[in-house]
Trainee: 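My questions will all concern the structure given below.
Letters A, B, ... are given to chains in the order of the sequence lines, protein chains preceding strands, and every chain is numbered from 1.
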Amino acid sequence: MSSKLKKSLIYWAILSPLMVVILFPFAVMFVTAVRPRDELFVFPPRWGFSEFRWGNFAEMWVKTNFGEALFNSLYVSVLSTALALALSIPAAYALSRYRFRGKGAYRTFLLMTQMMSPIVLVLGLFRLMVALGMVNNLNSLVLTYAAFNMAFTIWMLQSYFSTIPRDLEEAAWIDGASHFTSLTRIFLPLAVPAMAVTGIFSFINGWNEFVLALTMIRSSDDFTLPVQIYSQVAGRFQVEWHHVMAGTVLATVPVAIVFSWLQKYLIRGMALGAVK
Amino acid sequence: MASVTIRNVEKSFGAMKVIHGVDIDVQDHEFVVLVGPSGCGKSTLLRMIAGLETISGGEIVIGDKVVNDVPPRDRDIAMVFQNYALYPHMSIFDNMGFSLKLRKRPKAEIEAKVKDAADILNLTSYLDRSPAQLSGGQRQRVAMGRALVRDAQVFLFDEPLSNLDAKLRVVMRTEIKALHQRLKTTSVYVTHDQIEAMTMADRIVVMNAGRVEQVGAPLELYDSPANLFVAGFLGSPSMNFIEGRYLRDGDTAQVICANGTALPAPVVSSAWNEKQVVLGVRPEHMHLADGGEGAAATVDVVEPTGANIEVLADLAGERVCAVFSERHPFRPGEKIELGWDLNKVHLFDPDSGNRI
């Protein structure tokens with residue numbers, strides 16, 4: 001056996017307990033989602049089941065109003081991402097290209113906002129939304145998610161923007177481009193990878209967010225996915241676990257796949273900031 | 001094409017002044033090289049001509065127009081950057097045609113001009129590629145091509161060869177010079193490499209610490225440097241400097257070093273008698289002397305370069321370098337006698353640094 005193979009086998013062996021811990025909830029979720037209802041609570045619990053029931057998903061879709069929650073989640077995640085990017089791109093550009101008073105303090109401020117848990121701010125944010133008349137309105141989530149994501153997106157974009165040589169824009173100016181043209185024809189096309197990665201990261205944040213959504217949204221018509229799934233469990237006499245798990249599979253697996261595919265870009269993006 | 005006039009130009013970054021009132025006249029069709037050590041302000045000055053840095057004081061005139069407040073795109077200049085600054089997401093053709101496209105030139109004209117420039121620079125077969133697929137030398141040529149298609153009034157070069165390996169640098173140096181001889185576009189070229197400056201320039205501007213030390217034709221600066229800085233900066237290996245007391249005796253003169261060694265020196269005004277001076281001797285102006293006409297030296301290190309032999313020797317307590325084209329079999333520790341042609345050595349005032 002080559003030493004390289006041996007090495008990677010040893011690493012996998014060391015990592016395998018961690019993999020079990022991570023994959024176990026997914027496995028339970030999946031086998032619960034596809035088993036018949038009367039096999040949910042058997043003792044002792046077992047992995048196997050008599051029938052593979054995809055029908056659970058269709059039932060769940062109708063019964064839990066999944067479509068609407070899915071739409072709400074998409075609405076909130078897409079709009080908050082778009083808003084965060086629209087505001088972060090100019091901010092990150094200014095941070096990476098211009099010298100101005102208070103730049104260091106502003107960067108520290110951005111970093112510090114990341115150290116605060118949103119839960120600490122929930123009460124204040126709720127009162128703010130009451131004052132704005134936006135409680136029970138999906139746009140309140142769009143605003144808060146965008147605001148919470150902006151520190152991260154500005155930070156990420158700025159470290160990427162700083163790796164795009166200033167000379168390229170200067171060459172464009174000398175070639176006869178205005179600031180705006182050099183931005184749209186030269187700079188932004190080169191920044192697309194960073195914008196895509198930060199955008200997807202921001203999207204996933206919005207998609208997974210629970211506490212703020214639970215606080216701001218009152219009516220079940222406007223629930224986002226996490227809250228909708230939660231509402232199938234909390235305060236009920238009878239919990240349809242196979243529906244809950246089917247919903248959870250649909251809500252998490254696509255995003256988990258996208259995330260694991262993107263993580264290498266994310267790590268690269270973060271490392272960029274580290275070594276520059 | 002146009003002349004460039006720099007009048008008493010200053011530049012400060014906050015409280016720090018980096019360029020102190022520089023005056024340079026670049027004639028139409030001329031190739032002027034700004035040369036100096038890192039941090040002397042040469043690149044900043046070039047970027048001010050390009051409009052990429054603001055001007056803190058003075059005037060820059062291109063043609064007959066003061067351009068202090070004109071943005072880069074309206075200055076009608078072309079610039080070649082040190083790292084080429086090719087647009088990575090565009091093909092070579094689009095890179096070269098970008099400026100014409102921005103000026104909304106007809107497609108046929110863009111195509112013709114890019115093809116012409118590509119022909120001149122041997123890039124025709126690479127027009128469809130992206131910059132990442134080209135070698136360093138080819139990218140350098142694309143950057144030149146981008147400047148060529150413009151018919152700009154002035155070409156600016158910001159250390160364009162410093163990212164290339166030594167061999168390619170020599171090739172590109174010749175290419176740029178040949179191109180200038182053909183097109184005669186007014187050019188300002190920044191480099192820290194004195195050999196590039198000497199070989200390419202019509203005139204050299206030697207800069208140091210934000211000031212112009214001397215302006216002149218390459219050989220003029222080499223043969224009659226205005227001061228210690230220019231004398232030491234131009235030439236490789238650089239000029240030897242030996243300090244001592246000047247003693248004139250009728251038609252002969254000597255410099256007496258700290259350890260008492262008397263070195264032959266050229267005759268200058270007797271006002272310098274008994275005063276401290278610096279004797280400057282270029283390594284290639286040294287020769288082996290005999291019969292006590294030169295000065296005794298001890299060989300430290302022998303470096304054969306192929307064309308020449310460079311000898312580092314101890315002369316009157318100073319480390320000096322001498323270059324010989326003859327194949328002398330020197331050995332470390334060997335005692336030799338070094339002399340020099342008195343018509344080719346210089347004396348400098350150690351206080352002001354100026355040549356006497």
Trainee: Let me know if B:L86 has heavy atoms under 4.5 Å from chain A in its side chain, its backbone, both or neither.
Mentor: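 Backbone of B:L86 only, per the 4.5 Å heavy-atom cut-off to chain A.
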
Trainee: Specify the closest pair of heavy atoms between B:L102 and A:A172, including all atoms of both residues, with the distance to one decimal.
Mentor: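 Shortest heavy-atom separation between B:L102 and A:A172 comes out as CD1-O, 4.4 Å.
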
Trainee: To the nearest 0.5 Å, how far apart are CG in B:L156 and CD1 in A:I174?
Mentor: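 Output value for this atom pair is 6.5 Å.
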
Trainee: Which residue out of B:P88, B:A143, B:P71, B:A147 racks up the most heavy-atom pairs below 4.5 Å with chain A?
Mentor: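 Among B:P88, B:A143, B:P71, B:A147, the one with the most close pairs to chain A is B:P88.
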
Trainee: With a 4.5 angstrom heavy-atom cut-off, is it the side chain or the backbone of A:L190 that approaches chain B, or both, or neither?
Mentor: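 Side chain only.
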
Trainee: If you count heavy atoms of other groups shown closer than 6.0 angstrom to CZ of A:F180, is the number above 12?
Mentor: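 No, CZ of A:F180 has 12 or fewer neighbouring heavy atoms, counting only those of other groups under 6.0 Å.
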
Trainee: Does CZ in B:F13 sit with more than 12 non-hydrogen atoms of other residues, nucleotides or ligands closer than 6.0 Å?
Mentor: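 Counting neighbours around CZ of B:F13, more than 12 heavy atoms of other residues, nucleotides or ligands fall under 6.0 Å, so yes.
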
Trainee: Take atom CZ of A:F210 as the centre, draw a 6.0 Å sphere, and report whether it contains more than 12 heavy atoms from other residues, nucleotides or ligands.
Mentor: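 Yes, because the 6.0 Å sphere around CZ of A:F210 holds more than 12 heavy atoms from other groups.
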
Trainee: Using distance alone, with no hydrogens and no angle check, list the donor-acceptor pairs under 3.5 Å between chain A and chain B.
Mentor:
from: A:D167; atom 1: OD2; to: B:N83; atom 2: ND2; distance (Å): 3.1
from: A:E170; atom 1: OE1; to: B:R47; atom 2: NH1; distance (Å): 2.8
from: A:E170; atom 1: OE2; to: B:R47; atom 2: NH1; distance (Å): 3.4
from: A:E170; atom 1: OE2; to: B:R47; atom 2: NH2; distance (Å): 2.7
from: A:A171; atom 1: O; to: B:Y87; atom 2: OH; distance (Å): 3.4
from: A:A172; atom 1: N; to: B:Y87; atom 2: OH; distance (Å): 3.2
from: A:W173; atom 1: O; to: B:R73; atom 2: N; distance (Å): 3.4
from: A:I174; atom 1: O; to: B:R150; atom 2: NH1; distance (Å): 3.0
from: A:D175; atom 1: O; to: B:R103; atom 2: NH1; distance (Å): 2.9
from: A:D175; atom 1: OD2; to: B:Y87; atom 2: OH; distance (Å): 2.8
from: A:R185; atom 1: O; to: B:H89; atom 2: NE2; distance (Å): 2.9

